[in-house]
Structure formats: C-alpha cells, structure tokens
**Q** 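Supplied in structure tokens, the structure appears directly below.
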Amino acid sequence: MTIPKTMRALQLQAIDRLAEVRLPVPAPKPDEVLVRTVATTICTSDLNDISRNPFGIALPRVLGHEGAGVVAALGEGVSQFQVGDRVAAHPVIPCRICENCQRRLGHLCANLGHLGLDRDGTFAEFFCIRADRVRRVPPGIEFATAALLEPVAVCLEAVQRGRLQPGETVLVVGDGPFGLLIARLASRCEPRKIILVGRHDFRLRQVSAAIALHEKRVPDVPRAIRKASDGRGVDVAILAAGSPAALEVGLASLRARGRLVVFSAVQGIPSVDWFRLHTQELELLGACNDEDLIDPALDRLADAELGLSSLVTHRLPFAQWPRAFELARHGKDEALKVALLFGEKA
Ligand SMILES: [Zn+2]
Ligand SMILES: [Zn+2]
C-alpha cells in the first residue's frame, strides 16, 4: 500500500470553526498502527467540542474518535496486525501506570489519552492509534457499523453498571443515539420491560422492544412510567440525557433498591431527593467510558438480531462533511449516527 505524504482532515481551529485542511500523514509510534480511515461516525461529544469545547481541547486539533478502516502501516513493535487488515479502533488510551490503571480501571485513567482530544482523531484520511486499542473486524460488519465500536462499548458499560437482571424493568431516559443503543443492548439482558422516554417520534420508534413515552405528549411522565412498570417503578434507570429534569424523572421512577446509572453529563448541580434515596435504599452509579468491553462490543456489532447497523442512518462521502454535521446536529427527526466515508468500497 502506498501511503501519500498528505491527507484531508477536519480540524477544529476555534469554537464553531471546523475546517477542512491538508496535513502530513502521521507516522505510527513503535506501539501504534496507522489506519487508513474508511468510515468515521459523528458523536454528540464532537458537536459539543465544536460549539463549546467543554474539555478545553488545545486547538487546532483533528476531531473524531469513532473510526474504522484498513491498517496502512505498523509501528516497529507491533506484530499482531498486518497491513491490509480491516480494523476498528477504540479511542481511549489508558496510561497503564497510574493508580486507577493498576486497579484495572484503565477507563478511569488519570492520564487518559483520547483520539480527538489530546491527539489528532479520526476525521482524517489516516489516524494513529495504540495497537492494543485496535481490533480486527469480522467480514460481515461494514466499516460504518464497525466505527460504532466505542459507542457500543460505553453503552454496554452503562447497562452493566446498572446490573440489569433477567425479569427486571429498565428505564432509559433520552432518545439520542446513546439512549437508543443502551435500550437495544438492554434487550439482550432479557428484561421484563424496557421503557424509553424521549421527544422525537422517529427516534422513539427505533427500539421495537420498548414501551416508548413521548415526554411532550405524556402529561405526567413519572406517573406514565409507573403505569408502564405495572405500578411498581423500575429496577434500573439509565440517564442518556443530561438535563436536571431527566435526572429527576430517573430517580422518581425507581422502585425500592432501584439503581440509577448516570451515563450523561448532567448539567449544573441539581438537587437530589436524598430522603427518598435513604428510605428506599436507592443506588446512584456513574458510567463513563468502559471497563475493557471492546470485545463484547464487537460481538454485539456482529449480532444481526440487534441490527445495530440501522442506527447509522446516513453514510456520506467525506466531501459532504458540512451536511453531515448539519444532519447530526439538527436532523433529529431523520438522523441518528451519521458516518463520513473516504472514497473506498466499504
Ligand atoms: Zn463518542
Ligand atoms: Zn492510567
């Protein structure tokens, strides 16, 4: 494979200024692989980085952290891959040294590296990634679906943190791509019921196993949830929306000993009904990144019955990136995950 000297990339240069630029193709470090990107999907966090830069990314930076493609070159210490392998990447790079890494909590690493944050990401024709964060993709999974490796892994973490058991009822608050992924993945735990709360008909239709509640049309959402859970309340509520109101709905819906998983970044410091938490023995659990769920995520991507590829609603050539970002930001009645493709038979 001949590797060109330069590549097209999308660089965040200032807030609200994402620009197509030409950059040198990076060279892999000894423990890295160079991936020729075939598909990369847009994440809500990319949109937040563009509009607010909440993580304080040092600019300019090539954004993007959900990518799949073909191995183009190997660092000198990498032997587990070959040039030409079809691969997907997980963007989180634990340092393997800090206290949390020593506790096998690499996803909570104190010196976490992350594609598109502290190093250039996947919105480019090539990107480098440490080899242990890369997996070969089975032939049945197309690249745009393989790019969902990390979103699926982090959503699996949310379900696992809630310890959802067969026969339990789970509530997912939020009908964005994450909420839909979580609801679909939860269906694999044989729950008694899945209740999904959101505000877009198109999105609420995407989880056939779920009881969908449109929060604008249901006058009293907690009451509707209680009714949908046979008057009992839910065993697990997973927050895939960051508003204080979503937090309140999640907490209010729990039955005794219920678990609330906070997957989204909740805005502000909303108050919590600590008395209810005390008297009902509720549990609050955070979920951030994933604790080594790359391989289970790959299994779910290959699971035809889950049909996760249908969550990629748009596959656009890279040249149409302005439209892709427009769709991801505003196309709430037609778009879920939007993929950019680099001129390759995917
Ligand atoms: Zn993401
Ligand atoms: Zn670490």
Side-chain angles (χ1 to χ4, degrees), residues 10 12 18 31 37 39-55 57 61-68 88-124 127 129-130 132-135 143-159 174 176-182 184-185 238-242 262-265 286-294 297-298 300-301 308 311-314 324-325 327-329 335-340:
L10 293 182
L12 183 64
L18 188 68
D31 59 352
T37 317
T40 174
T41 41
I42 298 171
C43 178
T44 311
S45 73
D46 296 313
L47 304 176
N48 293 339
D49 293 341
I50 294 165
S51 63
R52 297 188 275 119
N53 193 11
F55 293 102
I57 300 170
R61 173 67 68 220
V62 175
L63 296 184
H65 56 267
E66 302 170 359
H90 191 300
V92 168
I93 301 142
C95 76
R96 301 189 278 211
I97 295 165
C98 75
E99 203 236 349
N100 281 349
C101 281
Q102 296 291 315
R103 291 168 67 199
R104 305 179 63 88
L105 300 175
H107 64 302
L108 305 178
C109 171
N111 314 303
L112 196 79
H114 199 295
L115 286 184
L117 285 178
D118 69 327
R119 61 201 70 200
D120 281 347
T122 59
F123 294 158
F127 65 93
I129 176 86
R130 207 169 69 193
D132 63 304
R133 308 307 288 161
V134 175
R135 290 296 182 277
F143 286 107
T145 303
L148 301 182
L149 182 66
E150 181 254 6
V152 171
V154 300
C155 289
L156 273 177
E157 169 92 2
V159 176
F178 284 122
L180 301 179
L181 251 180
I182 289 168
R184 285 212 197 171
L185 294 170
I238 303 178
L239 274 198
V262 181
F263 172 84
S264 277
C288 191
N289 298 324
D290 62 279
E291 191 182 340
D292 253 337
L293 296 174
I294 299 193
L298 207 52
R300 299 310 190 282
L301 288 169
L308 298 182
L311 295 179
V312 184
T313 51
H314 294 76
F325 281 85
L327 270 167
R329 192 180 287 284
L336 295 168
K337 294 298 279 189
V338 178
L340 288 170

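Worth saying up front: this structure is predicted, and the values here are computed from it rather than measured. Values below: every heavy atom of this structure, side chains too, minus hydrogens, waters and symmetry copies. Counting convention: from 1, in listed order, for ligands and their atoms alike.
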**Q** Would you call Asp46-Arg329 a salt bridge at under 4.0 Å N-O?
**A** no

**Q** Rounded at 0.5 Å granularity, tell me how far CG in Leu12 sits from CG in Asn53.
**A** 6.5 Å

**Q** Should Glu291 and Arg104 count as an ion pair when the cut-off is N to O under 4.0 Å?
**A** no

**Q** Can you tell me the angle formed at the Zn ion (ligand 2) by SG of Cys109 and SG of Cys101, to 10°?
**A** 110°

**Q** Using a 3.5 Å distance criterion without hydrogens, assess whether the side chain of Thr313 forms a donor-acceptor pair with backbone atoms of Leu336.
**A** yes

**Q** Has Glu150 got an N/O/S atom less than 2.8 Å from the Zn ion (ligand 1)?
**A** no

**Q** Just give me the atom name: the N, O or S atom of His65 closest to the Zn ion (ligand 1).
**A** NE2

**Q** Among the N/O/S atoms of Glu66, which is closest to the Zn ion (ligand 1)? Give the atom name.
**A** OE2

